[in-house]
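In what follows, a structure is listed as structure tokens, so that the remarks can point back to it.
Chain A is the first sequence line, chain B the second, and so forth, proteins listed ahead of strands; every chain is numbered from 1. Fair warning: this is a prediction, and the values are worked out from it, not measured in the lab.
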There are 2 protein chains.
Amino acid sequence: MEPIPSEETGLGPEAMEAPDGEVLGKMIRDARKEKGLTLEEAAKAAAIGRSTLSKIENNQTRPSFEIIRRLMQTLELETPQLFLQSGQSGVTGRRDFTRTGEGEHKETTTYDHELLCSDLTSKRMVPYISTIKARDVTEFDNWVRHQGEEFMFVLSGEVILYTEHYRPLRMGPGDSVYYDSGMGHGCVSVSAEDAKVLWVSLEV
Amino acid sequence: MEPIPSEETGLGPEAMEAPDGEVLGKMIRDARKEKGLTLEEAAKAAAIGRSTLSKIENNQTRPSFEIIRRLMQTLELETPQLFLQSGQSGVTGRRDFTRTGEGEHKETTTYDHELLCSDLTSKRMVPYISTIKARDVTEFDNWVRHQGEEFMFVLSGEVILYTEHYRPLRMGPGDSVYYDSGMGHGCVSVSAEDAKVLWVSLEV
DNA sequence: GGAAAAAGTTTCCTATAGGAGACGCAACGT
DNA sequence: ACGTTGCGTCTCCTATAGGAAACTTTTTCC
């Protein structure tokens, strides 16, 4: 059995291995394989040469931006960022974990928020589990608004998500929703017991 | 009971388009001016030639991906900007939900990824549930790498998260972890049955 | 205005990106 | 064994990317 490491502090004594050119080719090959395409098919779809693609995947060339752009569209790597080896993320080389129920708690009248991974500073997403207290809701008026995007996943219970400009959305375990958190929003439990949802919030 | 709206159509998953010719140069020039840099300064910072930058800005060349990459770092250009014709503002006023098990599936040999948003257009986070197939792992070598940050939450089963520069981390239901996804990482199930984890990925 | 400096463009040259097709090499069936 | 087919690599050639430096334009002083 694997030993459970105590929380690692961050960068070890040795610097992070800089992702060299090797990675780009691998990523593209992986993506192509993922789609089950042959060199010929992928190259044709991207309107580039078969040999060019081969060389790119084997890191034998330094492709032009245009070529990469076409490949990204073809392979549906809609995330050009994937290829940026910029390493300018605030969490570079770091990791942080939280055991069930061991997050830091912040309580309000309606929610009990448990922050996950609160020790990792500079991370851009904020994950937390909210226990939504069951209560009677006649008219929802407890709007929350904060510029950014938010993802919510129902862990247990039945909830209704209120979102400005949309009809209320009833959700059960396993359901999820992604919305502009700049719109007013809020969540109530409609089950007899409290509901638990996982939220991941991203500020602008 | 609240009516459950059928899936909102929102924006379709339209293909990302890169600025064709004309626009790319302009964007770079604008970005450079914005930062108050001269050709010389910007070129030096990006470790490219002054003349090269001039040509790029005037669309007299088809720069390599590597060159553009360096410029984007130097000029702090967001990649999406480069790939989206006009800077349409993210998810403003949008909402998108997915019912349990109704996400779009993408299968590989080790994982079965279920995307939790039908329409990823302009979303910055990518949420998905992965079913990690149980298998024997003697030596882990299936590293995945993509510049950005990632949050993982274990829904069921026992898994081991491998992260470059860290010891493997054994996790059970309810445990969560946040890490730099630019580090090689990967997850295996160590329970007899498949494991399910929720991932939220954020690209740089 | 005129000189000097700074910013940007163009020229010139070398290294190489990218494509066409040849080649290698499995995995088939006959 | 032998072709054949399908997939990936390698060779070769041309067009051009990228950098150094010459050249031109703009700005900033006096």
Side-chain angles (χ1 to χ4, degrees), chain A residues 18-77 80 82-86, chain B residues 15-77 79 81-83 106-109 141-143:
Chain A
D20 44 13
E22 304 246 325
V23 187
L24 177 65
K26 184 179 183 328
M27 281 176 167
I28 290 180
R29 173 147 292 185
D30 288 349
R32 178 172 63 81
K33 294 288 187 190
E34 186 80 11
K35 298 208 81 185
L37 297 173
T38 66
L39 274 180
E40 177 103 48
E41 293 165 331
K44 192 173 179 185
I48 68 173
R50 189 167 77 259
S51 55
T52 304
L53 181 51
S54 170
K55 285 181 216 167
I56 291 171
E57 293 188 352
N58 292 302
N59 299 298
Q60 289 169 9
T61 190
R62 219 174 49 147
S64 72
F65 181 68
E66 173 62 20
I67 295 289
I68 292 297
R69 215 212 77 227
R70 294 193 212 153
L71 278 173
M72 289 193 297
Q73 283 186 213
T74 301
L75 303 177
E76 285 173 25
L77 290 172
L82 278 182
F83 301 99
L84 295 186
Q85 348 189 98
S86 53
Chain B
M16 267 199 186
E17 281 181 20
D20 51 337
E22 305 270 311
V23 195
L24 179 63
K26 185 177 185 327
M27 280 176 142
I28 290 179
R29 173 147 292 185
D30 289 348
R32 177 172 63 83
K33 294 288 186 188
E34 187 75 15
K35 299 205 83 183
L37 297 173
T38 66
L39 275 179
E40 177 106 49
E41 293 166 331
K44 192 173 179 185
I48 68 175
R50 188 168 78 258
S51 57
T52 303
L53 181 50
S54 170
K55 286 182 218 168
I56 291 171
E57 293 188 351
N58 292 301
N59 300 298
Q60 289 169 9
T61 190
R62 216 174 53 149
S64 73
F65 182 68
E66 173 61 20
I67 295 288
I68 292 297
R69 217 210 79 229
R70 294 195 211 151
L71 279 172
M72 291 195 300
Q73 280 183 230
T74 301
L75 303 177
E76 289 170 29
L77 267 176
T79 319
Q81 281 180 250
L82 280 176
F83 284 80
K106 295 201 172 182
E107 197 159 355
T108 72
T109 45
D141 59 351
N142 188 21
W143 298 108

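- At the phosphate of D/dT9, OP1 or OP2 sits under 4.0 Å from a side-chain N or O atom of A/Ser54.
- Between the P atom of C/dG18 and the CD1 atom of A/Ile67 lies a distance of 5 Å, rounded to the nearest Å.
- If you check distances only, the side chain of A/Lys55 never reaches the base of D/dG8 with a donor-acceptor pair under 3.5 Å.
- Judged by atom type and distance alone, A/Ser51 does not reach the base of C/dG18 through any side-chain donor-acceptor pair under 3.5 Å.
- The pair B/Lys44-B/Glu40 fails the salt-bridge criterion, with no side-chain N (NZ, NE, NH1 or NH2) lying under 4.0 Å from an Asp/Glu carboxylate O.
- Atom CD1 in A/Ile68 sits roughly 12 Å away from atom C1' in C/dG18 (whole-Å rounding).
- Applying a 4.0 Å cut-off to non-hydrogen atoms, the residues of residues 37-44 of chain B that approach DNA chain C are B/Thr38, B/Leu39, listed by residue number.
- With hydrogens and angles disregarded, a donor-acceptor distance shorter than 3.5 Å links the side chain of A/Arg32 to the backbone of A/Leu37.
- Note that OG of B/Ser54 is 10.5 Å distant from CD1 of B/Ile48, once rounded to the nearest 0.5 Å.
- When distances are taken from the side chain of A/Arg50 to each of C/dG8, C/dG18, C/dG21, the shortest belongs to C/dG21.
- Between B/Asn59 atom CG and C/dT9 atom C1' there is a gap of 15 Å when expressed in whole angstrom units.
- If you measure from atom CD1 of A/Ile56 to atom C1' of C/dT16, you get 13 Å, rounded to the nearest angstrom.
- Between B/Gln60 and C/dT10, a side-chain N or O to OP1/OP2 separation shorter than 4.0 Å is present.
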